[in-house]
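Everything on this sheet refers to the single structure shown next.
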Amino acid sequence: MRSATWSRAGSPGGRCPRTSLDWDRVYAFFRCWREHGLFAEFHDRLRGRVREREGREAEPTAGIIDAQSVKAAANVPAASRGFDGGKLINGRKRHIVTDCLGLLLVVAVTAASLRTACTRGEP
């Protein structure tokens, strides 16, 4: 492993190893991939390979749904958060769908006031 020296550059925490590329170049790739939807494409292809390696079909036939209410920071717009009366949390709700291996299929973030049953298509 290389030296653990870090410089202020462009990772989420603002730190990258000094041996890495410049922040501008890394962000240019990120922006291009995001605009062309390549993150989802890479994710789906990698998930398919992992599933095949585990002896399953590349595309899952079932999913596991879960939701979690989390407190929102003060700088989160009020329009995108709500109050979850069941958990007594003012914030957002994260909804995920995974396959039976625990690999991510879908992620959605809503206001915490949205009932989980509504997100599953139930009345």
Side-chain angles (χ1 to χ4, degrees):
M1 187 167 134
R2 296 204 175 212
S3 165
T5 55
W6 295 84
S7 66
R8 190 120 174 99
S11 68
R15 303 199 179 280
C16 285
R18 288 193 181 169
T19 58
S20 68
L21 300 172
D22 292 334
W23 180 88
D24 293 339
R25 185 169 178 125
V26 172
Y27 186 71
F29 275 101
F30 165 77
R31 189 175 57 241
C32 180
W33 291 358
R34 182 186 61 199
E35 289 171 1
H36 291 94
L38 292 177
F39 282 114
E41 180 72 24
F42 294 156
H43 179 264
D44 292 346
R45 286 184 185 195
L46 288 171
R47 184 184 62 234
R49 286 184 182 180
V50 169
R51 288 183 56 80
E52 288 172 345
R53 190 177 307 143
E54 292 294 321
R56 298 183 177 267
E57 294 292 324
E59 290 298 318
T61 57
I64 302 164
I65 302 171
D66 193 16
Q68 177 184 29
S69 294
V70 293
K71 292 181 182 177
N75 61 351
V76 173
S80 67
R81 59 182 171 168
F83 185 74
D84 181 351
K87 305 246 177 160
L88 302 178
I89 290 179
N90 183 15
R92 293 179 169 171
K93 193 172 280 190
R94 297 186 291 218
H95 308 270
I96 63 167
V97 180
T98 64
D99 66 1
C100 60
L101 296 175
L103 301 173
L104 210 52
L105 298 175
V106 178
V107 176
V109 178
T110 63
S113 57
L114 185 66
R115 287 186 20 226
T116 304
C118 292
T119 60
R120 293 182 185 160
E122 300 172 8

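What you are looking at is a predicted structure, and each value in this text was computed from that prediction instead of being measured.
Leu101 CG to Glu54 CD: the interatomic distance, rounded to the nearest 0.5 Å, is 6.0 Å. Here CD of Gln68 is found 11.0 Å from NE2 of His95. Values are rounded to the nearest 0.5 Å. Note that CG of Asn90 is 5.5 Å distant from CZ of Arg81, once rounded to the nearest 0.5 Å. Distance OG1/Thr98 to CG/Leu103: 8.0 Å, rounded to 0.5 Å. Note that CD1 of Ile65 is 10.0 Å distant from CG of Leu105, once rounded to the nearest 0.5 Å. The structure places CD1 of Ile64 at 7.5 Å from CG of Asp99, a figure rounded to the nearest 0.5 Å.
The heavy-atom pair separating Gly82 from Ala112 by the smallest distance is O-CB, 3.4 Å. Nearest heavy atom pair, residue Arg92 against residue Pro77, reads NH2-CD, 4.3 Å. What you find for Ser69 and Ile89 is that their closest heavy atoms are O-CD1, 3.7 Å.
Side chain of Arg47 to main chain of Leu104: a donor-acceptor pair is present (N/O by atom type, distance under 3.5 Å, no hydrogens or angles).
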All N/O donor-acceptor pairs, side-chain side in residues 24-43, below 3.5 Å, sequence neighbours left out:
from	atom 1	to	atom 2	distance (Å)
His36	ND1	Cys32	O	2.8
Glu41	OE2	Arg45	NE	2.7
Glu41	OE2	Arg45	NH2	3.1

